[in-house]
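Predicted model, so just to flag it, every value in this text is computed and none were measured.
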2 protein chains.
Amino acid sequence: MAETVNIKRLAQELNISIATVSKALNDSYEISLKTKNRVWTLAKELNYTPNPAASNLRSHKTKTVAVVIPCVANNFFSLSIKGIEEIARQYGYHVLIYQTHENIEAEVAFTNSLLSGRVDGILTSVSSSEYNSEYYTNLVKKIPLVFFDRVYENLDAVKVTTDDYEIAFEATVHLIECGCTKIAYLYGLENLPAGKARFAGYADALKAHQLEVSEQLVVKYSDDEETNLQQIKTLLQVHQPDALFSSIEEFIIPAYCACKELCLQIPSAVKILSFSNLSTAPLLNPSLTTITQPAFEIGREAAKCLFKILHNKQLDDEQNIVLKSMLIKRDSTAC
Amino acid sequence: MAETVNIKRLAQELNISIATVSKALNDSYEISLKTKNRVWTLAKELNYTPNPAASNLRSHKTKTVAVVIPCVANNFFSLSIKGIEEIARQYGYHVLIYQTHENIEAEVAFTNSLLSGRVDGILTSVSSSEYNSEYYTNLVKKIPLVFFDRVYENLDAVKVTTDDYEIAFEATVHLIECGCTKIAYLYGLENLPAGKARFAGYADALKAHQLEVSEQLVVKYSDDEETNLQQIKTLLQVHQPDALFSSIEEFIIPAYCACKELCLQIPSAVKILSFSNLSTAPLLNPSLTTITQPAFEIGREAAKCLFKILHNKQLDDEQNIVLKSMLIKRDSTAC
DNA sequence: TTTAATTACGTAAACGTTTTCGCGTGGCCA
DNA sequence: TGGCCACGCGAAAACGTTTACGTAATTAAA
């Protein structure tokens, strides 16, 4: 029991070669069923587990994928990881996690460190701080990579996204139909296609209803919580919008706080609507109308794509998978 | 550039042995500074990155730790992971994630699969479904392991926990001081020390104030959301408690929903208080009084302990680190 | 001057697999 | 009987490191 149990040991006990043992363990056609069974039973008996390092070294496969995301402590990403992990488990893969904290240098450093054969593939949702297209153009040539939600476009890589433009359009129309005519926009992810699409959906919906799109009604996201709160308060005081359309979850708390501090009733004085995966949206005061992305499914789909690539399976006709978000109407936008 | 760049290649280009290159890269005292510099500059120039599999195989170190937890899509755990990842990054370690979904078989399967040298150590918060002490008694002999929050006791392993008993006691006293005399308990983690300590704190606080501890005022957690909701509704209807003390975050939504459906005003008819790491607790309707665990710090501390062990540093006098939770009083327990 | 110690580097084995190639056996068909 | 093929297995190299040990040259000690 104290002896380390490896292939050599199994071979000795069974009086066969280590090559045969290895092939038997991998269920090779070269080995007779009889021998396989002998190997399998002894392996189970001795509680043999293959040494992953040796296996990786020789076969250049790690059965491991990396997930590179801004932060795990975010409802969307933690749900995505849950989905990824579930699929990875089915395929027998291991999952490494790397948080960039929206820092592009960290992002590049991590992904570079993964290129030395530590993982077979990468799932990533990129940092919003910068749009470093050249880097990823080169990266996708070196390692299988799937983008989810926060993607780079025009690259030779699979992307899993949501219908940001359409759902933002739909949500804006919802606000307009509730009588809003001066809808402010809380702008996040402005460097990324997702952020741009959301804003475009908002802007186009306004235009389609003969409403003006004004720079003055836009607040851009800052890393600093206090700044966001102050900006929203200023917006509410100076321009008196009748609705806040928040493109990211991080604006919810400052938006609610701002209204509270300015004694603005939601939804009578100002309506609020936000992209969000908060499970407590129905319990907020008042309950929050959300655009909820299928975060769990996004993770699952992205992982499935990656494993298809890793197993050289033909990907479906196109490289983009677009999932549908849901507009869930609640009290914060009640008419 | 197409050539794979490994130690052999560096050695050839510099006309020195691969042993020297390896030692230089590892900053060995055996190598002169002059040679080291030659190696380092060429390594940078050729963008050399060591092959982790080969390194692991030979040195039996992986620079990788595993985190085994019930689920990442939970505020407490995602914050813990954030803390773990931050420390791991500082030490240059990689982080593998495994979700057990409260399934003890998955938990055992995962940890067993980690024993073949895939990781140098494990950080875990165990499943609540069962208390499998024998398994962990053996496990801690085989691999460095640190428990956090959900721990096994009386084992030769480091534990990072919070002051569950004391804070539950304090919270219960808070409810009593608000005039509550019939405080119901929503019981989670009942198989684990944390769950038992929380309940004990609640029960002892009641006794200390000459209040009765009644089985009838206790609802135990079920996997099924609907069941929890129904149980709480029944509890409210039949026994009419004047407060709900929830020992886990998962009870919050059903508790609020139950009160809403039964038209019971919070906090006038019934007060609610819960263990929780929800960032939106202040925005709930009404805002929720919480016992908030320092999840991020727990992750950091647990990781620090593990790395101390891995580097054979002396651990501080004792094996248990106990961090303080915070009782944050809000409207749901307003007097 | 001799001897021991130190410095700087090289040789080669080892880590535990996977995989290519080759070999012997037996069966089949002509 | 001879030739061919399929089958089942083994020998050995390879993956890219780390490391115990050896060695030559230089330095310090006696």
Side-chain angles (χ1 to χ4, degrees), chain A residues 2-40 42-43 46-64 92 94 113-120, chain B residues 2-40 42-43 46-64 92 94 113-120:
Chain A
E3 306 263 343
T4 72
V5 36
N6 51 21
I7 273 194
K8 197 169 160 189
R9 169 89 181 281
L10 295 182
Q12 283 173 348
E13 305 243 342
L14 294 172
N15 252 328
I16 56 181
S17 78
I18 62 167
T20 304
V21 175
S22 173
K23 289 172 190 168
L25 290 171
N26 292 320
D27 203 10
S28 162
Y29 69 96
E30 292 183 60
I31 307 300
S32 71
L33 187 58
K34 189 177 155 194
T35 310
K36 282 181 187 173
N37 279 326
R38 288 183 65 212
V39 172
W40 291 340
L42 183 66
L46 298 186
N47 200 19
Y48 166 78
T49 48
N51 180 304
S55 179
N56 299 349
L57 177 59
R58 182 56 232 245
S59 66
H60 298 291
K61 317 229 148 156
T62 63
K63 282 267 184 183
T64 304
H94 301 256
S113 80
L114 298 172
L115 257 34
S116 48
R118 186 175 293 278
V119 298
D120 296 341
Chain B
E3 307 263 342
T4 72
V5 37
N6 52 22
I7 273 195
K8 198 169 159 190
R9 169 90 182 281
L10 295 182
Q12 283 173 347
E13 305 243 342
L14 293 173
N15 252 326
I16 55 180
S17 77
I18 62 168
T20 305
V21 175
S22 174
K23 288 172 190 167
L25 290 171
N26 292 319
D27 204 10
S28 161
Y29 68 96
E30 291 183 59
I31 307 299
S32 71
L33 188 57
K34 189 179 155 193
T35 309
K36 282 182 188 173
N37 279 325
R38 289 182 65 211
V39 173
W40 291 338
L42 183 67
L46 298 185
N47 200 16
Y48 166 78
T49 48
N51 180 304
S55 178
N56 300 349
L57 176 59
R58 182 56 229 248
S59 67
H60 299 291
K61 317 227 149 155
T62 63
K63 281 267 184 183
T64 304
H94 301 255
S113 82
L114 297 173
L115 257 34
S116 48
R118 185 175 292 277
V119 297
D120 296 342

Taking side chain to side chain donor-acceptor pair (under 3.5 Å) as the definition, give me every residue that meets it alongside [X], ordered by chain and number, with sequence neighbours left out.
| X | value |
| --- | --- |
| Gln12(B) | none |
| Asn6(A) | none |
| Thr35(B) | Ser32(B) |

Under 4.0 Å: is that the gap between some side-chain N or O of [X] and OP1 or OP2 of [N]?
| X | N | result |
| --- | --- | --- |
| Asn26(B) | dT18(D) | yes |
| Ser32(B) | dT7(C) | no |
| Tyr48(A) | dT17(C) | yes |
| Ser17(B) | dT11(C) | no |
| Thr35(B) | dC9(C) | yes |

### Message
Assuming nearest nucleotide by heavy-atom distance, tell me which of Thr20(A) and Leu57(A) is located more 5' along DNA chain C.
### Response
Leu57(A)
### Query
Where the side chain of Ser59(B) is defined as all heavy atoms beyond and including C-beta, which of dG10(C), dT17(C), dT18(D) is the nearest nucleotide?
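Nearest to the side chain of Ser59(B) among the choices is dT18(D).
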### Query
Counting side-chain heavy atoms from C-beta on, which of dG16(C), dC9(C), dT19(D) comes nearest to Ala19(B)?
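Closest nucleotide to the Ala19(B) side chain: dT19(D).
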Specify the separation, in whole Å, of atom [atom1] of [X] and atom [atom2] of [N].
| X | N | atom1 | atom2 | value |
| --- | --- | --- | --- | --- |
| Tyr29(B) | dA8(C) | OH | P | 11 Å |
| Lys34(B) | dC9(C) | NZ | C1' | 13 Å |
| Ile7(B) | dT19(D) | CD1 | C1' | 12 Å |
| Leu25(B) | dC9(C) | CG | C1' | 15 Å |
| Ile18(B) | dA8(C) | CD1 | C1' | 17 Å |
| Ile31(A) | dT19(C) | CD1 | P | 13 Å |
| Glu30(A) | dC5(D) | CD | P | 18 Å |
| Arg9(B) | dT17(D) | CZ | P | 12 Å |

### Message
Any donor-acceptor pair under 3.5 Å linking the side-chain atoms of Thr62(B) with those of Asn56(B)?
### Response
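There is no such pair between these side chains.
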### Task
Please report the closest heavy-atom contact between Arg118(A) and Thr64(A), naming both atoms and the distance.
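In terms of heavy atoms, the two residues are closest at O-CB, 4.1 Å.
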### Message
Which heavy atom of Thr20(A) sits nearest to which heavy atom of Ile16(A), and what is that distance?
### Response
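Looks like CG2-CD1, 4.1 Å.
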Contact class for [X] vs. all strands (heavy atom < 4.0 Å): base, sugar-phosphate, or nothing?
| X | answer |
| --- | --- |
| Ser22(A) | base |
| Pro50(A) | sugar-phosphate |
| Asn56(B) | nothing |

#### Entry: Helix axis bend for the helix from dT1(C)-dA30(D) to dA30(C)-dT1(D) - C1'-based end axes, five pairs, 10° rounding
40°
### Query
Quick one: does Lys23(A) reach the base of dG10(D) with a side-chain donor-acceptor pair under 3.5 Å?
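Such a pair exists between side chain and base.
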### Message
Should the side chain of Arg58(A) and the base of dT17(C) be counted as holding a donor-acceptor pair, with the cut-off at 3.5 Å?
### Response
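Answer no: no donor N or O sits under 3.5 Å from an acceptor.
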### Task
Would you please name every residue forming a salt bridge (Lys or Arg N to Asp or Glu O under 4.0 Å) with Lys36(B), sequence neighbours left out?
Asp27(B)
### Task
Using salt bridge (Lys or Arg N to Asp or Glu O under 4.0 Å) as the criterion, list what pairs up with Lys23(A), not counting sequence neighbours.
Glu30(A)
